[in-house]
Amino acid sequence: MEPDLPPPLEGADTYVLDAESAMEMARLIRLDQMTTQGMGGHLAGLQPLPEGAQVLDIACGPGCWALDLAFLHPDMEVVGIDISRTMIAYANARAYSQGNNNVSFEVMDVTKPLDFADHSFDLVNGRLLSSFLRRDAWSLLLQECQRILRPGGILRITETDHGGITSSPAFDQLNTFLFRAMHTMGYGFAPNGVTLGITPMLERIFRQANYSHLQRQAHAVNFSRDAEAWTDFYRNTEIVFLQALPMLQKVGMASKEELDVLYHTMLSEMQQEAFCGMWYLLTVWGTTPV
């Protein structure tokens, strides 16, 4: 039986791709698992959380990180929020089917004030927020996270500047087009828009929002042709650009014909035995004033 969808939120969705697409949801499930593995686990690098910790996953997508965390730590209470009705319905259905009583999901727009009381959480987690968070919205989100975190609570953000560094010229060209388009739409911090430029800014944004005891951890995911992550990353790339090509054409990055050729060339180059690729991420976390 198909789960009921929560009512849609009012206002514009700033997610670059289609947040209600089943294809996008399938992509995010794969990406979430790959990201968690690349980070070394769900809470890698963090000090142990207090017993009975309250955890919030912002922009949770299909809820994989929150669901896994709740399963691994039955003493925790985990909440996931996302603007997508489809993602939240899926996540709640999975929680119900798995009998996870310590995790729940709500439709919520994290670019707006969050519907939580002050000092509700011990940890707020967010990953790859640059896919919807414009550069002028970052400071407001970090301030809102501080409001809902308990004194000494932890905010942890994981971001990437690029879709990957590879040996494929077509991959590089399409990523350049994507980030230039996003730059013109108000996303990212790079001065020329060739990358997102968020990772160099993270610690400054944390400090400006009055977080302290900042720490960082870098991660690398090898998605070369002979690497374990290749299949998932190939599928991820295939779906991202299948959705993004019309937007790239609309903003004038290239013609439809040129973009189609680049897209199919990229997929062909990624399938070659000599293809090499690496995806870099950075996690920064800090605590609220005690």
Side-chain angles (χ1 to χ4, degrees), residues 5-21 24-25 27-28 31-32 35 55-63 65-66 78-91 104-121 123-149 153-161 178-179 181-190 193 196-199 201-202 204-211 240 243-244 247 251 283-286 288:
L5 292 178
L9 294 175
E10 296 182 2
D13 176 5
T14 58
Y15 190 53
V16 174
L17 303 177
D18 182 359
E20 304 297 345
S21 163
E24 176 63 4
M25 182 166 66
R27 180 187 79 84
L28 290 178
L31 181 64
D32 185 276
T35 303
V55 178
L56 174 66
D57 189 24
I58 55 178
C60 67
W65 184 89
V78 185
V79 179
I81 59 174
D82 198 277
I83 199 170
S84 169
R85 300 181 302 139
T86 302
M87 306 283 184
I88 293 301
Y90 171 85
S104 60
F105 298 92
E106 300 179 40
V107 175
M108 204 173 297
D109 184 349
V110 305
T111 67
K112 306 288 175 56
L114 302 177
D115 190 19
F116 298 113
D118 295 357
H119 312 313
S120 294
F121 297 100
L123 169 67
V124 174
N125 179 73
R127 307 198 301 191
L128 306 178
L129 307 183
S130 291
S131 60
F132 70 89
L133 202 62
R134 293 191 172 104
R135 68 181 72 95
D136 59 0
W138 275 91
S139 61
L140 293 176
L141 175 60
L142 266 65
Q143 292 168 21
E144 183 66 0
C145 289
Q146 185 171 130
R147 179 187 68 79
I148 63 175
L149 278 164
I154 301 170
L155 173 65
R156 183 177 76 157
I157 303 291
T158 301
E159 286 296 325
T160 185
D161 288 320
L178 177 60
F179 294 124
M182 291 178 67
H183 181 77
T184 65
M185 296 160 63
Y187 299 89
F189 293 87
L196 285 170
I198 176 61
T199 64
M201 299 295 296
L202 275 179
R204 177 183 292 273
I205 296 170
F206 269 73
R207 284 195 298 270
Q208 289 175 338
N210 204 29
Y211 290 84
V240 165
Q243 296 182 83
M247 181 263 288
V251 299
T283 299
V284 171
W285 64 96
T288 58

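Excluded from the calculations below are hydrogen atoms, water molecules and symmetry mates; all remaining heavy atoms, backbone and side chain alike, are included.
Using modelled atom types, one finds a donor on one side chain and an acceptor on the other under 3.5 Å when comparing Glu20 with Ser84.
Shown here for Val110 and Leu114, the closest heavy-atom pair between the two residues is CA-CD2, 3.7 Å. Contact record, Val124 with Cys145: CG1-SG, 3.9 Å, taken as the closest heavy-atom pair. Shortest non-hydrogen contact noted between Val16 and Met247 is CG1-CE, 3.8 Å. The nearest pair of heavy atoms linking Trp138 to Ser130 is CZ2-OG, 3.5 Å. Smallest separation of non-hydrogen atoms from Val251 and Ala181: CG2-CB, 3.8 Å. The two residues Leu196 and Thr160 have their closest heavy-atom pair at CD1-O, 3.5 Å.
You'll find the ring centres of Phe206 and Tyr211 inside the 6.0 Å limit.
No side-chain heavy atom of Gln143 sits under 4.5 Å from any side-chain heavy atom of Gln146. Contact check for Met201 versus Arg135: no side-chain heavy atoms found under the 4.5 Å cut-off. Residues Met182 and Phe179 are in side-chain contact: their nearest non-hydrogen atoms beyond the backbone lie under 4.5 Å apart. The side-chain heavy atoms of Asn125 and Ile157, taken from C-beta on, include no pair separated by under 4.5 Å. Side-chain contact between Leu17 and Arg27 is present, with heavy atoms from C-beta onward closer than 4.5 Å. Looking only at side-chain heavy atoms (C-beta outward), Val284 and Thr158 stay at 4.5 Å or farther from each other. Looking at heavy atoms from C-beta onward, Leu149 lies in side-chain contact with Leu155 at the 4.5 angstrom threshold.
For Glu144, the side chain to side chain donor-acceptor pair (under 3.5 Å) partners at least two apart in sequence or on another chain are Arg147. In terms of the salt bridge (Lys or Arg N to Asp or Glu O under 4.0 Å) criterion, Glu159 has no residue partners (sequence neighbours excluded). Judged as a ring pair (Phe, Tyr, Trp, His ring centres under 6.0 Å), and not counting sequence neighbours, Phe105 has no contacts.
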So Tyr15 and Leu133, side chain to side chain contact (heavy atoms under 4.5 Å, CB included) or not? Walk me through it.
CA-CA 8 Å; Tyr15 190 53; Leu133 202 62; over 6 Å; no
Step by step, would you call Met108 with Ile83 a side chain to side chain contact (heavy atoms under 4.5 Å, CB included)?
CA-CA 5 Å; Met108 204 173 297; Ile83 199 170; over 6 Å; no
Side chain to side chain contact (heavy atoms under 4.5 Å, CB included) assessment of Leu56 paired with Ile81:
CA-CA 8 Å; Leu56 174 66; Ile81 59 174; 4.1 Å; yes
Before giving the answer on side chain to side chain contact (heavy atoms under 4.5 Å, CB included), spell out for Tyr90 and Met25 the whole-Å C-alpha distance, their side-chain angles and the decisive distance to 0.1 Å.
CA-CA 9 Å; Tyr90 171 85; Met25 182 166 66; 3.5 Å; yes
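Side-chain N or O atoms of His183 include one that pairs as donor or acceptor with a backbone N or O of Ala190 at under 3.5 Å. Distance alone, capped at 3.5 Å, is enough to place a donor-acceptor pair between the Thr35 side chain and the Leu31 backbone. Counting only distance, with no hydrogens or angles, the side chain of Asp82 and the backbone of Ile88 share no donor-acceptor pair below 3.5 Å. Of the possible polar contacts, none joining the Thr199 side chain to the Asp161 backbone as a donor-acceptor pair under 3.5 Å is found. Remark: side-chain polar atoms of His119 are not paired, donor with acceptor, to backbone N or O of Ile148 under 3.5 angstrom.
When Thr111, Ile58, Ile205 are each tested for a side chain to side chain contact (heavy atoms under 4.5 Å, CB included) with Leu141, only one passes: Ile58.
In this structure, Asp57 CG and Phe121 CZ are separated by 10.5 Å, a value rounded to the nearest 0.5 Å. Once rounded to the nearest 0.5 Å, the distance linking OG of Ser21 with CD of Gln243 reads 5.0 Å.
Heavy-atom contacts from other residues, nucleotides or ligands closer than 6.0 Å to CG of Asp115 number 12 or fewer.
Using a 4.0 Å cut-off between a side-chain N of Lys or Arg and a carboxylate O of Asp or Glu, Arg127 and Asp32 qualify as a salt bridge.
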